A.B. asks: 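So that we are looking at the same thing, I have put the structure below in structure tokens.
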Amino acid sequence: MLKSIRFKLFSTLLLTTMLVVVGMHFFMRWSLDRGFAEFVAKRRSEHVAALLENLSEHYASDPDWRKLAGDKRKWMELLGQSSGHRHFPPAPWSEQALKEPSGLWPPDFPEPRTSRRIKPLELSVMLLSADKSVVFGRQEMLADLTLHPIRRQGRTVGYLGVLPGKPAHQPNELQFIERQARSFVWIAASMVVLSAALAFLLAYFLGRPLKQIAAAVKMLAVGRYHLRLPVESGDELGQLARDYNDVAAALAQSEQVRRRWIADVSHELRTPLAVLRGELEALQDGIRPFSREAVDSLYGDVMRLNRLTEDLYQLSLSDQGALSYRKERIDPVALLQEDVAAFARDFADKRISVQLDDQLSAPVRIHADPDRLSQLYRNLLNNSLNYTESGGQLRITLMRQPETLAIEFADSAPGVPEPELAHLFDRFYRVESSRSRHYGGAGLGLAICRNIAEAHRGTLTAGPSELNGLAIRIELPID
């Protein structure tokens with residue numbers, strides 16, 4: 001089962017927060033335990049120092065521990081003075097200690113009971129004389145002791161032995177640690193709950209635009225290009241929404257162009273076919289006699305249909321980059337002169353004067369395919385021949401730019417309205433004025449010309465001419 005982006009965002013945010021909270025909980029607990037252990041160890045050291053001082057003062061009145069030895073009550077009194085407790089040891093310990101022989105210390109309390117009691121420092125110490133003989137202690141535990149010398153007037157008069165083990169905590173200390181531990185747990189739990197709420201809100205607000213985009217993309221996949229997303233932020237999600245809107249608009253425009261293309265192709269094919277069908281039916285029915293004029297008319301319609309299909313084929317090849325180009329270093333001016341000469345009779349029949357204005361100071365050569373470049377020249381010459389009014393003129397100007405060769409085809413009236421200049425290179429586009437389909441073809445020639453120019457790393461632009469007609473400018477890079 002696929003999980004939504006909201007669930008993934010919620011899970012990621014919640015899991016991340018929980019890891020941080022749990023990590024902080026253990027870190028704070030470790031820090032508390034460590035700090036508290038250091039505090040207790042320091043207090044234990046101070047306690048040992050106080051006990052050593054009390055024993056040193058007692059030694060002043062009791063040399064060699066003669067009075068203290070065997071007096072367990074006095075020993076427990078000294079330990080109680082050092083601990084600051086009024087009643088030391090606690091009743092169970094005191095009773096057990098007095099039952100045992102006078103020199104044994106600490107009292108041997110049963111282990112199960114011991115584990116439930118707080119064992120203070122005083123029940124983990126022994127007193128040794130200067131020669132390390134036991135005054136109060138247990139012989140079997142001597143090897144485990146850490147000895148602290150008891151000094152009096154610069155000499156060691158005895159030793160205080162401390163049994164190993166962690167410092168014992170007092171009840172209030174244990175209560176403090178437990179309270180802090182419970183507080184940490186509640187704080188961690190509260191933070192997890194708060195994080196879950198925040199993660200849910202973040203997942204909702206971050207997932208909402210993503211869900212909208214996903215739904216819009218599904219609409220886009222089935223060809224519904226009208227849907228637009230609201231841009232509610234300036235971040236990556238807002239940019240993604242803007243990009244989607246741009247893609248949807250571009251696809252809608254492409255779909256419109258495709259439909260117009262199909263409609264235009266269908267219309268352009270139907271027109272000559274309808275004429276052919278009508279003329280052939282007229283010949284079959286005997287309405288029109290079979291004559292040379294009828295055959296010429298049929299041939300003209302067939303050739304028009306042939307030119308249209310050839311233009312469509314050439315345009316599809318150029319769009320796909322499948323037109324073959326065999327480029328070499330050529331002289332574009334000589335090639336242009338040959339093409340102009342080939343159209344000289346047609347221009348003369350229509351009484352259109354052609355002027356070739358070569359403004360080049362020196363010959364130039366470019367890297368181009370001579371056949372495709374000639375196709376470009378001839379399409380532009382044919383465009384001027386078809387659209388320029390009889391008695392007009394065509395001026396072809398060649399100019400050298402810093403890195404390009406510019407060739408401008410400027411003819412006389414009729415011209416092209418300014419708003420329509422940008423559409424001249426669109427497929428099947430014709431200016432519905434004096435430059436109409438009565439004179440021209442299917443509106444594919446200039447689209448093919450632009451593809452050829454771009455294949456030569458050049459440009460093709462259109463604008464008004466000084467002769468009140470149309471000026472088409474070719475710019476090709478010079479090697």
Side-chain angles (χ1 to χ4, degrees), residues 268 300 303-304 307-308 311 315 332-361 364 372-401 404-454 456 458-476:
E268 293 297 334
M303 291 305 297
R304 180 183 177 191
R307 287 193 300 271
L308 175 59
D311 285 347
L315 184 60
V333 179
L335 185 63
L336 177 60
Q337 291 172 345
E338 294 176 4
D339 291 332
V340 171
F343 276 79
R345 184 179 181 83
D346 296 326
F347 279 106
D349 291 343
K350 199 174 179 180
R351 294 184 293 108
I352 298 176
S353 64
V354 180
Q355 177 186 357
L356 186 60
D357 184 10
D358 187 357
Q359 299 180 5
L360 300 175
S361 58
V364 297
R372 296 302 176 191
L373 191 59
S374 177
Q375 182 182 3
L376 171 60
Y377 290 156
R378 289 176 180 251
N379 280 350
L380 295 180
L381 289 170
N382 189 64
N383 187 71
S384 294
L385 179 65
N386 290 333
Y387 290 114
T388 304
E389 295 177 350
S390 179
Q393 58 178 317
L394 169 64
R395 184 169 65 201
I396 304 174
T397 307
L398 296 95
M399 297 168 286
R400 173 71 181 264
Q401 303 294 333
T404 59
L405 169 66
I407 306 174
E408 185 178 84
F409 290 74
D411 56 29
S412 57
V416 176
E418 188 75 25
E420 300 189 43
L421 288 173
H423 302 286
L424 283 180
F425 301 104
D426 295 345
R427 290 87 187 275
F428 295 107
Y429 186 83
R430 285 166 297 229
V431 181
E432 297 300 331
S433 62
S434 55
R435 284 182 177 265
S436 66
R437 79 172 57 181
H438 176 73
Y439 296 102
L444 297 175
L446 290 180
I448 296 174
C449 289
R450 181 178 60 181
N451 287 353
I452 294 175
E454 291 176 351
H456 287 83
T459 59
L460 193 67
T461 56
S465 75
E466 298 178 354
L467 303 176
N468 298 322
L470 177 67
I472 296 182
R473 184 184 182 91
I474 310 170
E475 291 192 8
L476 299 171

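Worth saying up front: this structure is predicted, and the values here are computed from it rather than measured. Residue numbers start at 1 and run along the sequence shown.
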A.B. asks: Do Q375 and R372 get their side chains close enough for a donor-acceptor pair, meaning under 3.5 Å?
C.D. replies: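 Yes - a donor-acceptor pair under 3.5 Å links their side chains.
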A.B. asks: Side-chain contact test, heavy atoms from C-beta onward, threshold under 4.5 Å: evaluate it for L380 versus L446 and give yes or no.
C.D. replies: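 With C-beta onward as the side chain, the pair touches.
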A.B. asks: So which atom in R378 and which in D339 form the shortest heavy-atom distance, rounded to 0.1 Å?
C.D. replies: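 Taking R378 first and D339 second, the nearest heavy atoms are NE-OD1, 3.0 Å.
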A.B. asks: At what distance, to the nearest 0.5 angstrom, does CD of E420 lie from CG of L470?
C.D. replies: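 Output value for this atom pair is 11.5 Å.
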A.B. asks: Just wondering, do L373 and L476 contact through their side chains at under 4.5 Å, heavy atoms?
C.D. replies: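 Counting from C-beta outward, L476 and L373 do come under 4.5 Å.
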A.B. asks: Taking all atoms of both residues into account, what is the closest heavy-atom pair of P464 and A471, and its distance?
C.D. replies: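 Shortest heavy-atom contact: O-CB, 3.9 Å.
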A.B. asks: If you compare all heavy atoms of D411 against all heavy atoms of S384, which two are closest, and at what distance to 0.1 Å?
C.D. replies: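 Here D411 and S384 meet closest at OD2-OG, 3.2 Å.
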A.B. asks: Roughly how far apart are L405 CG and M399 CE, rounded to 0.5 Å?
C.D. replies: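 Going from CG on L405 over to CE on M399, the span is 9.0 Å.
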A.B. asks: Please report the C-alpha distance between D346 and N382 in whole Å, then the side-chain angles of each, then the deciding distance to 0.1 Å, and finally whether the side chain to side chain contact (heavy atoms under 4.5 Å, CB included) criterion is met.
C.D. replies: CA-CA 9 Å; D346 296 326; N382 189 64; over 6 Å; no
A.B. asks: Are N383 and N379 packed together at the side-chain level, in the sense that at least one heavy-atom pair is separated by less than 4.5 angstrom?
C.D. replies: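 No, their side chains stay 4.5 Å or more apart.
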A.B. asks: Between V333 and L356, does a side chain to side chain contact (heavy atoms under 4.5 Å, CB included) hold up when you go through it step by step?
C.D. replies: CA-CA 10 Å; V333 179; L356 186 60; 5.6 Å; no
A.B. asks: Residues in side-chain hydrogen bond (donor to acceptor under 3.5 Å, both in side chains) with D357, at least two apart?
C.D. replies: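 Scan of D357 (side-chain hydrogen bond (donor to acceptor under 3.5 Å, both in side chains), adjacent residues dropped) gives Q359.
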A.B. asks: Between S374 and L335, which heavy-atom pair has the shortest distance, and what is it?
C.D. replies: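 Nearest pair, atom of S374 first, then L335: N-CD2, 3.9 Å.
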A.B. asks: Which pair of heavy atoms, one from Y377 and one from P332, lies closest together, and at what distance?
C.D. replies: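 Reported closest heavy-atom pair: OH-O, 3.4 Å.
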A.B. asks: Take V364 and L398 through the side chain to side chain contact (heavy atoms under 4.5 Å, CB included) test and state the conclusion after the steps.
C.D. replies: CA-CA 11 Å; V364 297; L398 296 95; over 6 Å; no
A.B. asks: Taking all non-hydrogen atoms of both residues into account, name the closest pair between L467 and A410 and its distance.
C.D. replies: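 For L467 and A410, the tightest heavy-atom pair comes out as CD1-O, 3.6 Å.
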A.B. asks: Could you tell me whether the side chain of L394 reaches within less than 4.5 Å of the side chain of L381, counting heavy atoms only?
C.D. replies: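 Yes, their side chains come closer than 4.5 Å.
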A.B. asks: Mind checking side chain to side chain contact (heavy atoms under 4.5 Å, CB included) for R351 and listing every partner two or more places apart, or none if nothing turns up?
C.D. replies: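 So R351 forms a side chain to side chain contact (heavy atoms under 4.5 Å, CB included) with S390.
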A.B. asks: Who passes side-chain hydrogen bond (donor to acceptor under 3.5 Å, both in side chains) against E475, sequence neighbours left out?
C.D. replies: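 Result, side-chain hydrogen bond (donor to acceptor under 3.5 Å, both in side chains) vs E475: R473.
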A.B. asks: With rounding to the nearest 0.5 Å, note down the distance linking CG in L376 to CZ in F409.
C.D. replies: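 Here the rounded value is 7.0 Å.
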A.B. asks: CD1 of I407 to CG of L460: how many Å apart, nearest 0.5 Å?
C.D. replies: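 Atom-to-atom, I407:CD1 and L460:CG are 10.5 Å apart.
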